[in-house]
Amino acid sequence: MKKFLYVLFGGILLGCSDRYMGDESMNMVKSEQVKVVRLTDLAQAGLYDVSGFVKQGNKLIVGTTYMKEGVARALDLESPLQEDFSLEKGNSSRRVRALSSFNSFDGKSVTALDFRTGELIENPISPLTRGTTEETIVQLPEGEQHLIAVKTDDFVISTGFYAEGRYLLYSLADGSARYCLSYPDCPEYPGLQEKTKGMLYASSVLRVRPDGQAFVCADMYSGVIDFCRLIPGGIERVKLERLSYPMTEISETPVPRVLYKRENRFGFMDIAVTSECVYALYSGKTYERDRQGAFEGNRLLEYDWEGNLVRTLDCNVALTGITYDCDEGALYGIAGNAGVSLVKLRL
């Protein structure tokens, strides 16, 4: 999904500094080494495209970018080789969905957005673990390009190419929609239209705090991370943290166009949240130097929900995704530098 969005929204210019813009702030907090333990080779079960995942006990709920039914499949970690993740199995006549923003707000269901139709699809986890798929669909307002969305019990929060604000707050109770807050600026290009800034910050990770009253939105193509909370009638920004700005070439005529430079420093590859903190998987790499390795991170940044950096956690294995198992109280990751493996992070 990350690579697909980069093709869709512009690209990387072919044509760096060795410092994070945020190096100083990172150096001011405690840094720890994290031991990474490999558990399962997911490629042996036919899983090569993992756009998001949730772990519950011995079950792994996995989302992929393209599916014909539902948004996820369940993998039994005790017998992973018995699973069949073939896209065509039993669904040859169905349209392939293009999915983004795989999420689980409450651990009871998973959601993903079909960003071509604006449908937010929800699958209860329990049927998935039994090999069946049940789904409900929330249609977000038509006439907009929705890109990333998460669902709570009461609302859907989404972002996309919006002219009226960065976030759409959609009420599940009455179907009302409200646009909130502005997109982050880009100092190199002041005065950009909101929709152009929407393109600039299109590749984002959105996660909601377990109580549904706060969320975090982090950009994959820069070091911009946005901490927000829900207030009566809208959304309030708590803190906007900028570790690095996107390095781009932007034009708005005849149509908006955003091209990322090869020396652009990639940002947040994934986010995992608990009631107390936010774990952000940070790349800080460039395509110029690291090629496809720029889409992986060896560093976790732990924030509190006020947006304060608490500590950094360094891994000796590059990760493409992370999740938090609330029952176990443990972090898990997807390692992609030697196949596709599920790993456990021992903090």
Side-chain angles (χ1 to χ4, degrees), residues 1-5 34-91 96-104 107 109-112 121 123 125-133 205 207 220 268-272 279 281 283 291-298 300 315-328 330-347:
M1 180 59 199
K2 301 177 183 69
K3 299 174 188 176
F4 181 85
L5 285 177
V34 176
K35 184 176 181 180
V36 177
V37 180
R38 291 186 183 271
L39 301 179
T40 303
D41 183 356
L42 301 179
Q44 292 187 14
L47 274 172
Y48 303 96
D49 170 25
V50 179
S51 63
F53 68 109
V54 177
K55 182 185 175 297
Q56 290 189 350
N58 66 344
K59 297 291 185 179
L60 195 69
I61 314 300
V62 180
T64 60
T65 304
Y66 301 104
M67 296 190 72
K68 289 187 175 181
E69 183 179 6
V71 300
R73 295 289 182 268
L75 178 70
D76 188 338
L77 294 174
E78 294 182 350
S79 54
L81 298 184
Q82 297 179 15
E83 303 295 334
D84 182 0
F85 282 81
S86 172
L87 179 68
E88 302 299 327
K89 184 180 178 182
N91 297 299
V96 176
R97 289 165 165 167
L99 302 173
S100 69
S101 57
F102 182 87
N103 259 287
S104 179
S109 66
V110 290
T111 61
I121 304 138
N123 289 168
I125 287 178
S126 182
L128 288 174
T129 62
R130 300 192 299 268
T132 62
T133 301
V205 184
R207 297 283 185 261
M220 294 179 181
F268 299 94
M269 299 295 101
D270 205 357
I271 297 284
Y279 295 102
L281 176 61
S283 167
R291 295 298 190 269
Q292 296 303 314
F295 295 95
E296 303 170 336
N298 292 77
L300 294 178
C315 310
N316 60 359
V317 173
L319 305 175
T320 60
I322 55 174
T323 192
Y324 183 78
D325 186 330
C326 59
D327 292 333
E328 191 177 334
L331 274 171
Y332 289 84
I334 298 294
N337 57 354
V340 181
S341 300
L342 176 69
V343 300
K344 184 174 184 178
L345 281 62
R346 291 186 174 174
L347 307 186

Would you indicate whether the side-chain heavy atoms of [Y] and [X] approach each other to under 4.5 Å?
{"X": "L345", "Y": "L319", "value": "yes"}
{"X": "F53", "Y": "L75", "value": "no"}
{"X": "T65", "Y": "L99", "value": "no"}
{"X": "N123", "Y": "T133", "value": "yes"}
{"X": "K59", "Y": "I125", "value": "no"}
{"X": "T320", "Y": "D270", "value": "no"}
{"X": "I271", "Y": "L281", "value": "no"}
{"X": "L300", "Y": "I322", "value": "yes"}

message: Using side chain to side chain contact (heavy atoms under 4.5 Å, CB included), reason through F102 and V62 one step at a time and then give a plain yes or no.
response: CA-CA 9 Å; F102 182 87; V62 180; over 6 Å; no
Spatial distance of atom [atom1] ([X]) from atom [atom2] ([Y]) [nearest 0.5 Å]:
{"X": "C315", "Y": "R346", "atom1": "SG", "atom2": "CZ", "value": "13.5 Å"}
{"X": "S104", "Y": "Y324", "atom1": "OG", "atom2": "OH", "value": "14.0 Å"}
{"X": "Q56", "Y": "C326", "atom1": "CD", "atom2": "SG", "value": "7.0 Å"}
{"X": "L42", "Y": "L342", "atom1": "CG", "atom2": "CG", "value": "6.0 Å"}

query: Taking only residues two or more places apart in sequence, or in another chain, which ones meet S126 in a side-chain hydrogen bond (donor to acceptor under 3.5 Å, both in side chains)?
result: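 With neighbours one apart ignored, the set is R130.
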Which heavy atom of [X] sits nearest to which heavy atom of [Y], and what is that distance?
{"X": "L77", "Y": "G57", "result": "CD1-O, 4.2 Å"}
{"X": "R73", "Y": "M67", "result": "NH1-CE, 2.9 Å"}
{"X": "A74", "Y": "I61", "result": "CB-CD1, 3.7 Å"}
{"X": "M220", "Y": "F268", "result": "CG-O, 3.2 Å"}
{"X": "A335", "Y": "R38", "result": "CB-NH1, 3.8 Å"}
{"X": "N316", "Y": "N298", "result": "C-ND2, 4.1 Å"}

message: Please determine whether side chain to side chain contact (heavy atoms under 4.5 Å, CB included) holds for the pair L60 and T40, giving the CA-CA distance in whole Å, both sets of side-chain angles, and the decisive distance to 0.1 Å.
response: CA-CA 11 Å; L60 195 69; T40 303; over 6 Å; no
- prompt: Between the side chain of T323 and the main-chain N/O of Y332, is any donor-acceptor distance below 3.5 Å?
  reply: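 No: the side chain of T323 does not pair with the backbone of Y332.
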message: For K344, give me all partners under salt bridge (charged side-chain N to carboxylate O under 4.0 Å, His left out), at least two apart in sequence or on another chain.
response: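 K344 satisfies salt bridge (charged side-chain N to carboxylate O under 4.0 Å, His left out) with E328 once adjacent residues are dropped.
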CA sep, side-chain torsions, deciding dist, call: V110, V71, side chain to side chain contact (heavy atoms under 4.5 Å, CB included): CA-CA 8 Å; V110 290; V71 300; 3.9 Å; yes
